[in-house]
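See structure below.
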Amino acid sequence: MTELPKAYDPAGVEPELYEDWRTAGLFHAEPDDDGAPYSIVIPPPNVTGSLHVGHALDNTIQDVLIRRARMRGKNAVWIPGMDHAGIATQMVVEKQLAAEGKTRHDLGRERFVERVWQWKEESGGMILNQLETLGCSPDWDREAFTFDEPRNLAVTKIFVELHEQGLIYRGARLINWDPVLHTALSDIEVEHEEVDGELVHFRYPFVDGDDGDGLIVATTRAETMLGDSAIAVHPDDERYQHLVGRMVRHPFLDRTFPVIADDYVDPAFGSGAVKITPAHDPNDYAIGQRHDLPMIDIMDDDAVITEVGGPFAGMGRYDARAAVKTKLDEAGLLIKVEAHSHQVGHSSRSKAAIEPRLSDQWFVKVGPLAERAIAAVKDGDVRLVPQRNTKAFLDWLENLHDWCISRQLWWGHRIPAWHHTETGEIRVSAEPIDEDGWVQDPDVLDTWFSSQLWPFVVFGWPEETPELARWYPTSTLVTGYDINTFWVSRMLMIGLWFTDEVPFHVIYNHGLVRDEHGKKMSKSFGNVIDPLDLVAKYGADATRFALLRSAAPGTDVPLAEEWVEGTKRFANKLWNAGRFALSNLDGMTPGELPDRDALALEDRWILSRLEATRAEVDAAYDAYDWPVVARGLYHFVWDELADWYLEAVKVRIYGDDAAAADTARMVLAVVLDDVLRLLQPMMPFVTEALWRELTGAAGGTESLMAADWPTGRPGDRDEEAEADFAVLQDLTTQTNRFRSQNSIPPSKRFELTVASDQRSLIEAQQHLVTALAGVSAATCVDALEERSGTSTIQFSAGQAQVDLAGLIDVTAELERLHKELDNARGDLARVEGKLANSSFVERAPADVVDREREKQRDAQAAIAQLEERVASLEDLRTAG
RNA sequence: GGGGCGUUAGCUCAGUUGGUUAGAGCGCUUGCUCGACACGCAAGAGGUCGCAGGUUCGACUCCUGCACGCCCCACCA
C-alpha cells in the first residue's frame, strides 16, 4: 500500500482520476448495454458561456444523478452539448468587430457568419472543458450542438411541418422591437421594469368645434400621438357618451379621426379618454382591430420618427416626446403633466426600452401545442420537483400568446422560406428554391426554437436511431426555475407534438446560487464567486458538496467561500478516517461480514447506524433532496464513524486477540466501503482515491464509479445495540463533561464506581468504557455508598462516583453544584405544575403522562443526588 | 393587479403526522499534540421559534389576520 499524505490534497488526485475514468470509458454508454435506460440531456450552455456557479450547481446535480444511476446498474447516458445562442453569440462577435472599427454590414452576411464560426471554433465552448474540473461525467463521445448539421436538418423539418399544419404562419402583428439590436423579440425576452415617467394630458380639438373645444386625453408616451387614429371612451361614461362619433383634428398632421366607444377604457384613469395608437401599443392594437382603425407606423428600425411624423421626422423617440410636449404647449393644447411611474418593457439582451411595433414576422400558433402539454402535466406524465412550481407552470401554459420566432439577425437557423421578389408570394420548403426571382427569407429563428428540440434531436431524430429508441424520453431534466418558460415548456410542447411522448418524466428545478446573505451575485456587488477558483482552492468534491448541501429543490442556494472551506474539512475528515482504516486493515479488503455472534457491540452499533443512514440517504437521493443526503452522510462519517467507531475499534485492533482484531477489521472495511459508495455521486474524487486503496485496485482500472450501489442489509438494524451503545456514549460524554468542568486533564485517569440498571452491560463492555471515557476502571456496584469527598456523575442509565481527592477545586465545584441545584428545582417545579393539571393527566396519552412522571422522579432523584454531593463536599472542605 | 416562497442561535439553515431539555454547520469562549486528522479533539455560552388572535390538556408545528422580505407573472393609456 502506498503512503497516503496526512492531509487530503485534491489537486494531487483529481486530474489523474478524471483521466483514468475517461480513458476507461466509464462515461460512455451504448444503447444495447445492460440495464434499464436512464438518460439526461444537459441544458446546453451558450457557446459564449464561461462556467459560473449556476452551471456548477446545475451540472453537479446532473452528475450526481447519472453517477448514482450507473452504480445502480442502469444503462445511463448523459448527453453534453452547447447552444449556438443566436443573439448572445452575434453580440460577442459584433463587439470584436466594433473594436476593429467595423460593423457586420461591412463584412456582409456570408463573411460575418464565417467569422462567427471561426470564433466558435477558437474560443467558444470552453465551458464544457470547465465541467471536467468539477468531475462531471457526461458521455463526451456524444456531444451535440444546436447548430450542427443533424440539428439543422431537424429544425428545418420541424418548421416545414408546423407550417404545413398551419401552426407556423407569417403575419403583420404588433411585436416587441429592440431598437438597438434591430430585431423582434418574443414576449419572454422582454423584462418589465418600473420607470419614473410622466402622464401628459392634452387636448385634441374637435373638427367642427369652437376654439378651446375638444377632448382631453392622457399618455405616458406623448410621441405616439403622431400615430393616433382614434380616441376611445367607455360606452357607459356619461361625460363622453354624447361625443362618440365626433371627429377630432390632429394638431400637427393633416389628419382627422373619430371618437369611439370601447369598454377597454377605464373611466377612472387619467381623463377617461384614451388616445389610440394601434401600431405602437398592444392594447391600442387590439382596439384598432376591433374598430378597423388605420395602423400608422411612425418609427423606423432605430425608433426614429419617419416622415409620417411630419415636423418631427428624424427625431429619436425621446426627443420627439419632448418636442411634442413643447409644441402642444405652444398650441395651447397642453393641459398638465403629472409624475407617473409605470412598468416599461426592456430588452433582456440590449437592455433598450422595447418599442411595440407593427411588423411582418413569423409566429408559432401555440394553442394546440399547449393543450397537450397541459394535459401531460395534469395527467402526471411529467412531474415537477418541487411540486409547488406546477401551478405557475400551468398558468403560463394556459395563458400563452403566439410566439414570434423570427429574428432579424444573421447568426442562427435561416428560416426555410422563400419570397418572390415580384409577386411577393412566399413558399416554405425544406429544399432551397433555386429559381429566378426567389430569395430566401433573411431572418433567422429564435434560438429557443432549436433548443426546444434538444431532448430528441440529440439522439438523432428524425432518424429512428437505437439511441432514440433507447433513451428517449429522457428521465430527468435538471434546470433552474428561471427557464421553465423559455425552454422547458417549449420542449414539452414540441416534444409531445412530434414524438407523442413527454421529452422527460421529471422536471427538477433547482434554485439560483446567491451569496451568503441571499443576494444575487453580480459584478457590480463584487460578490461573484468563481467555481473554478473554488475547485482550485478546495477541490471539486468540496465545491460540489457545498453546493448540494444547500440545494433543496426549488430554493435558492446561498454560498460563501468559507462554507466550501468547511466541506473541504469534511473531505479531509473522510480521508483521514480512511487513512486510519487502511493503515490498520493489514491488507484486508471488504468481504463477507463475520457471523453476528462474533460481532462486538460497537460493530452491531455501527452496522445498524450505517443501515439506517443508507436507507435515509437512499430515499433522499430518490427525492432529489440533496441537503438531506449530504447531512446524513456527513453526520454518519464524522459523528458516528470517526468520533465513536474508530475510537472503539482501537481496543481490538491494538489488542492481543487476533480473531477479535480481524472481526473489527472486516466490519471497518465493509462500513468504509459502503459509505464510500453512498458518497461517490456527490464526492467522486476522494471516495475513488480511498476506494482504490481499500479494495487494492490502486493502479488498476477498477473504479468505484462502476461499483454496485449498496442495497442494504436490513437485518443489520439492531435497536438493542443502538440503545446499549448510547448508554456508553452518554457515560463517556458525562465523564468528559466532569473532566472539563473540573479542569481534570485527559491524561489524569481516575476510577469510576458505577451503579446502574445497565450493570451487566457495563461489566461486559468494561474495555469500551475505559477506552472511550478514558478512565482507569469502572467498578460496578449495586448502589453507591455515601462517602464524603466524592462526586457523582449522572448518565442516562445510572450514576457513577468519582473520588475527588486530589482531583478538583472544592470551592469552585460547590458553586457549580448550587447552580445545578437551582436548575433541577426549576425543572421539577415545571413538571409538577404540568402533572397538577388534571386535564393533562386525564386527556393526554398514557405514555406521555408516564414520561412526565418519570421526569418528575428523575428530577427528584437528581435533586437528592445534588444535595448529597453538596453535603459531602462541605464535609471535605471542613475536613480539609 | 394576480400568484408563489420565506420569517427559528451573531450568520446560513434543519425541525418528519401537535407531546421529553427546539438541532446542525460556521463564528464565539475555555481546555487539550491521547499511536487517522490542529483541515483536529473535548467542553461551553448563545433562541420570548416575525407580531396578534384562535383551536387544544398542550402549538415552532394546525387555523385566521397583520407586518416585513424575496421572487415570478401581468397590455391599464
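Quantities reported herein were computed from a predicted structural model and do not represent experimental measurements. To find a chain, count down the sequence lines: A is the first, B the second, and so on, and within it residues start at 1. Side chains are part of it too, since the values below use all heavy atoms of this structure and drop only hydrogens, waters and symmetry mates.
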**Complete:** B/U20 -> Watson-Crick or G-U wobble partner, both distances under 3.5 Å, gives none
**Asked** Base, sugar-phosphate, or nothing for A/Thr567, non-hydrogen atoms under 4.0 angstrom?
**Response** nothing
**Prompt:** Cationic tip of A/Lys650 within the cone over A/Phe580's six-membered ring, i.e. under 6.0 Å and within 45° of the normal?
**Reply:** yes
**Item:** Pair assignment for B/G6, Watson-Crick or G-U wobble, requiring both distances under 3.5 Å
**Value:** B/C68
**Prompt:** Between B/U12, B/C37, B/G25, which nucleotide gets closest to the side-chain atoms of A/Pro558?
**Reply:** B/U12
**Test log, rule ring-ring contact (aromatic ring centres under 6.0 Å, His included), inputs A/Tyr204 and A/Phe202** = CA-CA 7 Å; A/Tyr204 268 119; A/Phe202 69 94; 5.1 Å; yes
**Message:** Can you tell me if A/Lys573 touches the phosphate of B/C41, counting only side-chain N or O atoms and a distance under 4.0 Å to OP1 or OP2?
**Reply:** yes
**Message:** Of the options B/A74, B/G25, B/A77, whose atoms approach the side-chain atoms of A/Tyr634 most closely?
**Reply:** B/G25
**Counter-base of B/A45, judged by Watson-Crick or G-U geometry with both distances under 3.5 Å** = none
**Request:** Could you check whether A/Ala581 gets within reach of a base, just the sugar-phosphate, or nothing at all, counting any heavy atom under 4.0 Å?
**Result:** nothing
**Prompt:** Using 30° and 60° as the class limits, which term best fits the ring planes of A/Trp638 and A/Phe570: parallel, tilted or perpendicular?
**Reply:** parallel
**Asked** Which part of the nucleic acid, if any, lies within reach of A/Lys568 when heavy atoms closer than 4.0 Å are counted: base, sugar-phosphate only, or nothing?
**Response** base
**Message:** On the side chain of A/Gln734, is there an atom forming a donor-acceptor pair with the base of B/A43 - under 3.5 Å, no angle test?
**Reply:** no
**Complete:** Nearest-nucleotide check on RNA chain B, A/Glu516 vs A/Asn572; residue mapping nearer the 5' end is A/Glu516
**Request:** Check A/Arg357, A/Arg317, A/Met295 against A/His280 for a side chain to side chain contact (heavy atoms under 4.5 Å, CB included) and give me the one that passes.
**Result:** A/Arg357
**Request:** Compare side-chain N and O positions of A/Lys519 against OP1 and OP2 of B/C70 and report whether any pair is under 4.0 Å apart.
**Result:** no
**Asked** What is the base-pairing partner of B/C62, counting Watson-Crick and G-U wobble geometry with both distances under 3.5 Å?
**Response** B/G54
**Request:** Please give the nucleotide sitting opposite B/A74 as a Watson-Crick or G-U wobble pair, both distances under 3.5 Å, or none.
**Result:** none
**Prompt:** Within less than 4.0 Å of OP1 or OP2 of B/A77, is there a side-chain N or O belonging to A/His340?
**Reply:** yes
**Request:** For A/Asp284 and A/Thr277, indicate whether the former's side chain and the latter's backbone hold a donor-acceptor pair under 3.5 Å.
**Result:** yes
**Asked** Between B/G35, B/C39, B/U12, which nucleotide gets closest to the side-chain atoms of A/Tyr654?
**Response** B/G35
**Asked** What is the nucleic acid contact for A/Val265, judged by heavy atoms within less than 4.0 Å: base, sugar-phosphate only, or nothing?
**Response** base
**Message:** Using atom C1' in both nucleotides, what's the gap between B/A45 and B/G10 to the nearest angstrom?
**Reply:** 12 Å
**Request:** Please step through side-chain contact (heavy atoms from CB on, under 4.5 Å) for the pair A/Tyr285 and A/Leu293, ending with a clear verdict.
**Result:** CA-CA 9 Å; A/Tyr285 177 76; A/Leu293 300 172; over 6 Å; no
**Distance below 4.0 Å between A/Lys6 side-chain N/O and B/A38 OP1 or OP2** = yes
**Request:** Give A/Glu191 one of three labels, base, sugar-phosphate or nothing, depending on what nucleic acid heavy atoms sit under 4.0 Å from its own.
**Result:** nothing
**Request:** May I ask you to evaluate whether A/Arg739 reaches the phosphate of B/G31, defined as a side-chain N or O under 4.0 Å from OP1 or OP2?
**Result:** no
**Asked** Of all the nucleotides listed (B/G40, B/A42, B/A74), which has the minimum atom distance to the side chain of A/Asn736?
**Response** B/A42
**Message:** By nearest heavy atom, map A/Phe486 and A/Asp395 onto RNA chain B; which one lands nearer the 5' end?
**Reply:** A/Asp395
**Message:** Among B/A74, B/C26, B/A77, which nucleotide has an atom closest to any side-chain atom of A/Trp396?
**Reply:** B/A74
**Prompt:** A/His517 side chain: which of B/C11, B/A36, B/A77 is closest?
**Reply:** B/C11
**Request:** Measure from the side chain of A/Arg388, starting at C-beta and using heavy atoms only, and say which of B/A36, B/A77, B/C5 lies closest.
**Result:** B/C5
**Asked** Has A/Arg631 got a side-chain N or O lying under 4.0 Å from the OP1 or OP2 atom of B/G23?
**Response** no
**Message:** Given B/A36, B/A43, B/A77, identify the nucleotide with an atom nearest to the side chain of A/Leu646.
**Reply:** B/A36
**Message:** I'd like the P distance from B/C49 over to B/G44, given in whole Å.
**Reply:** 24 Å
**Item:** Residue A/Asp281, side-chain heavy atoms: nucleotide from B/G27, B/A77, B/A36 that is nearest
**Value:** B/A77
**Asked** Which is true for A/Gln343 with a 4.0 Å heavy-atom rule: it touches a base, it touches only sugar-phosphate, or it touches nothing?
**Response** base
**Candidate nucleotides B/C76, B/C26, B/C37, ranked by approach to the side chain of A/Asn576 - the nearest** = B/C37
